[in-house]
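Notes follow the structure.
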Amino acid sequence: AAAAAAAAGYYLDAAYAMDEKPPFWDRCFPPFVSSIAVVVTMATPVLFALLPPLLWEQAQCNNLCNSLYLTLSCKLVVLSVGCWGLHLRRPRAHLPCNSIVRTFILMLLATMLLCFWTFYTVRLLQESSVRDDRVGYETVLQATNTVTDTLLFFHYLAFILLEICQLKTEFILKVVRNTDGESKFYSVGRLSIQNCATWILQNYCKDFPVYNPYLLKAPTKQQQQGACKYQVYDIDGTSINSSLNGSNSILSNSRAIMAASARRRESSRNERFYEEQEFEVKVAKRKARLIVAAEEAFGHLQRTDGYDTPALFSLSARDAAVAIWPSMARALLKYLRVTRQTHIYKQSDLLEHLQNCITLNFTPRAFLEKYLKPEPVITEENASITWELVSNYIPNRLVQEGMVFQLKQEALSLIVYVARVPAFHITEKPGSVAGGGDKFVLSLHDTNV
């Protein structure tokens, strides 16, 4: 099973709209450990302050003690916010491996808490109970405040290490979609492969347009007529006489077919060029007709305040949309048919969008913006958010220059190329930008005009 998992790659399940949940242990163990860390961290200062009054008979509290109580309470409120931000926030994705940095932070936090409890138990409680010179309760509260300050500083440094240090740009990512060749460039900091994949998917949902397979498979004249097939006949019948003559005949036939295919490719390139030009002109014409039809339809509407117009002649947004819809429906449906978008929009959705635009006082251009420009992936309905991370490296390894990994979703995949940002050496050259101190020499040469 381990070998099969290694051959298949690592899997990345996005958490914001998850369809397939990971196993129970992988899903519950990291939150369980984080919850224990938060409980122990918050309980440590509280127990440090409450144990002496419970164990010692005389543990009186004066004004200094009350001020230390107030200071400790404020620090605990700030520490609770830090614990939530570091441990209890919902992760952006269920990753296949645990983060090395986060694991190191939890181990360091456990070591610090163990040292605090050892010092508190041995030096403050046991030795004070044995000796006659018992440590004052104010000293215990001061030590508790020091421990709280240390925990606050530790969570502050951990937050800087996890969030802020990754903002420094160190790598350039080139993301290419395999279906249509759409590509984008992103700059990232020092992230692991799995965190980098999560960051890419979040930007993919807003930067990449919805993939339209029907637009790439638009029928051409050549496809409609069918591919030409060649058949070669041996009139002399030399291929039957001997095997040698037969091999020569097959070779000559293949050469004839290749020459005919080359001539056919030469003509097909020209046909493809003119077909693309014709398609662009057709789309431009449909777009112009649609804009004119929308402007004429919206020109029949006039917004009123509802007081001067009698109720008999006023229309609601729904009735107004139904009234002007037939005047632009033909042009809009033809445009969607030409641009292969009929499978995306239903007629009820078109009418509802028109009603919302009328309510919000949209112009005709604003109404058509949804159909004239490609929508981002995040607007696609029923989109699966389960992705597979395929890489030759461990997912929690930091990205390096030259790495290539893949994010797969059924037939669609994103290929990511990693390149390092070069180091720039900037030197100073004396001079003026505005040209106040520049000097020029005019050289007279014969020039052809």
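When a residue number appears, it is its place in the shown sequence, counting from 1.
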Query raised in the report: For residues 97-119, which residue pairs qualify under salt bridge (Lys or Arg N to Asp or Glu O under 4.0 Å), counting only residues two or more places apart or in two chains?
Result: none
Query raised in the report: Stepwise, does the side-chain contact (heavy atoms from CB on, under 4.5 Å) test hold for Lys168 with Val188?
Result: CA-CA 7 Å; Lys168 181 182 177 182; Val188 296; over 6 Å; no
Query raised in the report: In terms of heavy-atom contacts, does NZ of Lys346 have more than 12 from other residues, nucleotides or ligands at under 6.0 Å?
Result: no
Query raised in the report: With sequence neighbours excluded, what pairs up with Glu296 under the side chain to side chain donor-acceptor pair (under 3.5 Å) test?
Result: none
**Report entry** Pairwise side chain to side chain donor-acceptor pair (under 3.5 Å) hits with a residue in residues 411-423, at least two apart
**Finding:** Asn178-Ser413, Gln406-Ser413
Query raised in the report: Does CD in Gln347 sit with more than 12 non-hydrogen atoms of other residues, nucleotides or ligands closer than 6.0 Å?
Result: no
Query raised in the report: Under 6.0 Å between the ring centres of Tyr393 and Phe405?
Result: no
Query raised in the report: Taking only residues two or more places apart in sequence or in another chain, which ones pass side chain to side chain contact (heavy atoms under 4.5 Å, CB included) with Ser73?
Result: none
Query raised in the report: How many angstroms lie between CG in Asn145 and OG1 in Thr71, if you round to the nearest 0.5 Å?
Result: 6.0 Å
Requested in this report: Would you please name every residue forming a side chain to side chain contact (heavy atoms under 4.5 Å, CB included) with His343, sequence neighbours left out?
Outcome: Asn212, Tyr214
Query raised in the report: Does the pair Leu47 and Tyr120 meet the rule for a side-chain contact (heavy atoms from CB on, under 4.5 Å), with working shown?
Result: CA-CA 10 Å; Leu47 292 178; Tyr120 181 82; over 6 Å; no
Report task. Scan residues 326-335 for pairs that pass side chain to side chain donor-acceptor pair (under 3.5 Å), counting only residues two or more places apart or in two chains. Result -> none
**Report entry** Worked check of side-chain contact (heavy atoms from CB on, under 4.5 Å) between Leu350 and Leu333
**Finding:** CA-CA 10 Å; Leu350 300 176; Leu333 294 178; 4.0 Å; yes
Report task. Scan residues 350-365 for pairs that pass salt bridge (Lys or Arg N to Asp or Glu O under 4.0 Å), counting only residues two or more places apart or in two chains. Result -> none
Requested in this report: Tell me, please, which residues at least two apart from Arg397 pass side chain to side chain donor-acceptor pair (under 3.5 Å).
Outcome: Gln400
Query raised in the report: Under the criterion side-chain contact (heavy atoms from CB on, under 4.5 Å), which of Ile324, Val322, Thr359 is the partner of Leu354?
Result: Ile324
Report task. Return the set of residues passing side chain to side chain contact (heavy atoms under 4.5 Å, CB included) with Val46 (not counting sequence neighbours), or none when no residue passes. Result -> Leu50, Leu76
**Report entry** For Leu114, side chain to side chain contact (heavy atoms under 4.5 Å, CB included) partners two or more places apart
**Finding:** Thr118
Requested in this report: Look at the rings of Phe367 and His353 and say which category their plane angle falls in: under 30° parallel, 30 to 60° tilted, over 60° perpendicular.
Outcome: parallel
Query raised in the report: Does anything in residues 148-157 pair up under salt bridge (Lys or Arg N to Asp or Glu O under 4.0 Å), and if so which pairs, sequence neighbours excluded?
Result: Lys75-Asp149
Query raised in the report: Met328 and Ala294: which non-hydrogen atoms are nearest, and at how many Å?
Result: CE-CA, 4.1 Å
Report task. Tell me, yes or no, whether the heavy-atom count around Lys282 atom NZ, taken from other residues, nucleotides or ligands under 6.0 Å, exceeds 12. Result -> no
Requested in this report: Could you walk me through whether Val421 and Phe171 pass side-chain contact (heavy atoms from CB on, under 4.5 Å), step by step?
Outcome: CA-CA 5 Å; Val421 176; Phe171 298 96; 5.7 Å; no
Query - Ring centre gap for Trp199 and Tyr204 strictly below 6.0 Å - result: no
Query raised in the report: Taking only residues two or more places apart in sequence, or in another chain, which ones meet Trp117 in a side chain to side chain donor-acceptor pair (under 3.5 Å)?
Result: Thr44
Query raised in the report: What are the two closest heavy atoms between Lys174 and Val176, and how far apart are they?
Result: CE-CG2, 3.8 Å
**Report entry** salt_bridge(Glu182, Arg177) N-O dist < 4.0 Å
**Finding:** no
**Report entry** Crowding at CD, Gln302 (>12 non-hydrogen neighbours, <6.0 Å)
**Finding:** no
Requested in this report: Rounded to the nearest 0.5 Å, what's the gap from CG on Leu86 to CD1 on Ile105? Could you check?
Outcome: 5.5 Å
